[in-house]
Amino acid sequence: MPLAELIKIRREKVIKLRQMNINPYPYRYEVSHGIGEVLDQFTSLAEKQTALRLAGRIMLKRKMGKSFFAHFRDASQMMQIYLKLDVVGQEAFDLFNLLDLGDIIGCEGTLFITKTGERTLRVHKFELLAKSLHPLPDKHAGLTDVETRYRRRYADLIINPEVREVFIRRSRIIQIIREYLNSHDFLEVETPILQPLYGGGMARPFTTHHEKLDMNMYLRIADELYLKRLIVGGYDKVWEYCKDFRNEGLDRLHNPEFSMIELYWAYADYKDIARLFEDLLRHTVFTLYGKYKIPYGEYEIDFEPPFQWVTMIGSIAGQTGIDFTDMSYEEARAAAKKLGVEGTELINRGKVIEAVWENKVEKTLIQPTFVADFPVEISPLAKKHREDDRLTERFELFIAAQETGNAFSELNDPVDQLERFLQQGKAIEAGDKEAQPLDDDFVTALSYGMPPTGGLGFGIDRLIMLLTNQHTIRDVILYPQMKDYKEGTVPVSKILRQLLEEEKNKSS
RNA sequence: GGGGGUGUAGCUCAGUGGUAGAGCACCUGCCUUUUAAGCAGGGUGUCGAUGGUUCGAUCCCAUCCACCCUCACCA
């Protein structure tokens with residue numbers, strides 16, 4: 001049956017209800033218990049014959065002569081209700097007959113167990129709390145079409161409890177991290193999303209324009225430079241849960257709008273940050289699951305510290321037998337070529353080493369592994385390594401072959417920072433759309449003096465994928481970015497407008 | 001951007017060069033402890049969009065749109 005027909009049938013029920021002087025959209029319902037709570041305490045509530053007031057959405061409904069069985073669901077759980085004519089009376093019975101799957105009702109009653117053993121609410125009274133006009137997806141096959149699931153997340157959430165569970169866990173994970181950082185004296189701050197200049201990451205930004213100020217602005221790609229200014233200002237530990245925006249491709253690991261946590265810790269270096277990050281992840285996993293080993297796809301990931309620590313160049317040597325430590329750019333390029341890694345974008349020694357590493361090592365890092373000491377050319381905001389100035393004190397944490405965090409001993413020498421920006425400027429001129437522009441005010445801030453500082457950024461969406469065993473970023477973001485589509489759907493509003501038109505014509 | 005795939009009823013899916021089907025949902029009737037309730041009956045769709053080929057296209061061809069997978073590039 002076409003959607004318009006199904007909606008019309010329900011619309012007619014609404015009209016009928018109004019004629020019966022029943023408001024299909026009343027204002028409130030006094031709920032005494034959640035359904036999950038009722039199921040948890042079923043035995044004692046049933047014994048006492050406590051009168052309960054529960055509310056939820058009708059998911060299943062079947063008529064049995066002079067009685068009904070139905071299942072309804074609230075945020076916590078689903079349970080069966082039983083309603084019979086000689087308990088509720090003819091009027092209420094007929095009203096229940098008008099209800100559809102998807103309607104939201106409030107029920108008052110007591111508990112019992114059916115012959116077949118199902119815990120059930122015997123309904124004494126009920127009220128319609130909201131009429132549903134749109135039919136629900138199939139009660140067994142559910143809603144599987146991914147496009148509809150993402151475009152109409154509400155339908156996905158109504159019909160797929162496991163999807164609801166992922167987002168409950170997402171919320172818990174963020175809460176656990178927030179509590180951890182706050183209890184470790186990190187100050188939660190807010191910095192601009194709308195920025196006159198972007199920086200703090202390698203990415204193409206979204207650009208916009210402020211009319212009154214007549215200036216171009218960018219949606220932030222990272223909040224790093226603003227947080228470091230706060231370290232200059234004298235806060236020792238700061239962090240932010242931030243939405244960042246990057247104008248790049250979309251795939252199972254990338255959404256243009258995504259979430260990160262960045263934190264900065266004065267007087268610490270990248271090794272202190274590694275210990276902190278390790279402990280934060282350990283704590284989060286354990287709080288969530290009560291254990292350290294959790295499944296991710298075909299793997300079992302072990303979050304019990306200490307995590308493995310390798311250097312970028314060392315891990316390349318481990319995989320390929322080739323040591324890039326003392327190679328010049330030309331030697332590195334030749335060595336990379338022998339390994340099958342080449343390309344015009346490999347314009348300096350650092351990019352060559354990074355490319356070889358990505359090609360040969362990244363895929364192999366399943367268990368949590370810190371990869372440390374990145375080349376200076378690809379790390380414009382990190383402090384040079386204390387033992388080798390061709391490298392920086394920087395690590396990324398890899399889990400299940402995915403980057404799960406990025407940290408440095410922060411560069412706090414304003415002169416060195418200026419030189420790095422100038423280096424990046426050359427890259428921009430050479431056509432690198434992801435190189436970082438010179439931020440004069442940031443150099444100015446550093447010139448006031450920033451203490452030695454360790455900093456960390458990690459993508460929340462990818463971390464949540466890892467901790468909830470989801471394999472596409474769209475399954476951990478409630479409203480992932482979708483392309484507009486122009487054809488192929490009949491919006492409900494169009495159907496309703498037609499119905500209203502018909503009703504008007506009929507009554508006049 | 002390259003390659004591959006998908007798009008048919010509200011949902012999940014079959015199917016066909018001669019105007020389309022199933023299950024669920026929906027409507028009517030029976031049934032006062034059912035549960036994928038059951039039984040009897042009923043209705044149905046711009047077959048993603050636009051062109052083309054054809055006597056005739058949902059099916060073949062072209063273009064476009066959306067979605068998925070994959071490679072490349074990046075978080």
Check: Taking any strand in view, what nucleotide pairs with B:C64 in a Watson-Crick or G-U wobble way, both distances under 3.5 Å?
Finding: B:G48
Notebook entry, point to check: If you measure from the ring centre of A:F258 to the centre of the six-membered ring in the base of B:A75, is it under 5.5 Å, with the planes under 30° apart?
Noted result: yes
Next item on the list: Over 60° means perpendicular and under 30° means parallel, so classify the ring planes of A:F370 and A:F277, tilted if in between.
Entry: tilted
Item checked: B:G23 - base-pair partner by Watson-Crick or wobble geometry, distances under 3.5 Å -> B:C11
Check: In this structure, which one of A:K131, A:R73, A:K13, A:R57 forms a salt bridge (charged side-chain N to carboxylate O under 4.0 Å, His left out) with A:D103?
Finding: A:K131
Check: With a non-hydrogen cut-off below 4.0 angstrom, is A:L253 in contact with a base, only sugar-phosphate, or nothing?
Finding: base
Check: Aromatic ring centroids of A:F68 and A:Y82 under 6.0 Å?
Finding: no
Checklist line | Distance between C1' atoms of B:G38 and B:C24 (Å, rounded) | finding: 15 Å
Next item on the list: Please measure how far the C1' atom in B:G41 lies from the corresponding atom in B:U46, and state the result in whole Å.
Entry: 30 Å
Notebook entry, point to check: A:F112 ring centre to A:R122 NZ or CZ under 6.0 Å, with the angle to the axis within 45°?
Noted result: yes
Check: What distance, rounded to whole Å, do you find between the two P atoms, one in B:U8 and one in B:U58?
Finding: 15 Å
Notebook entry, point to check: Is any N or O donor-acceptor pair between the side chain of A:H140 and the base of B:C11 shorter than 3.5 Å?
Noted result: no
Checklist line | Any strand: nucleotide that pairs with B:C59 via Watson-Crick or wobble, under 3.5 Å | finding: none
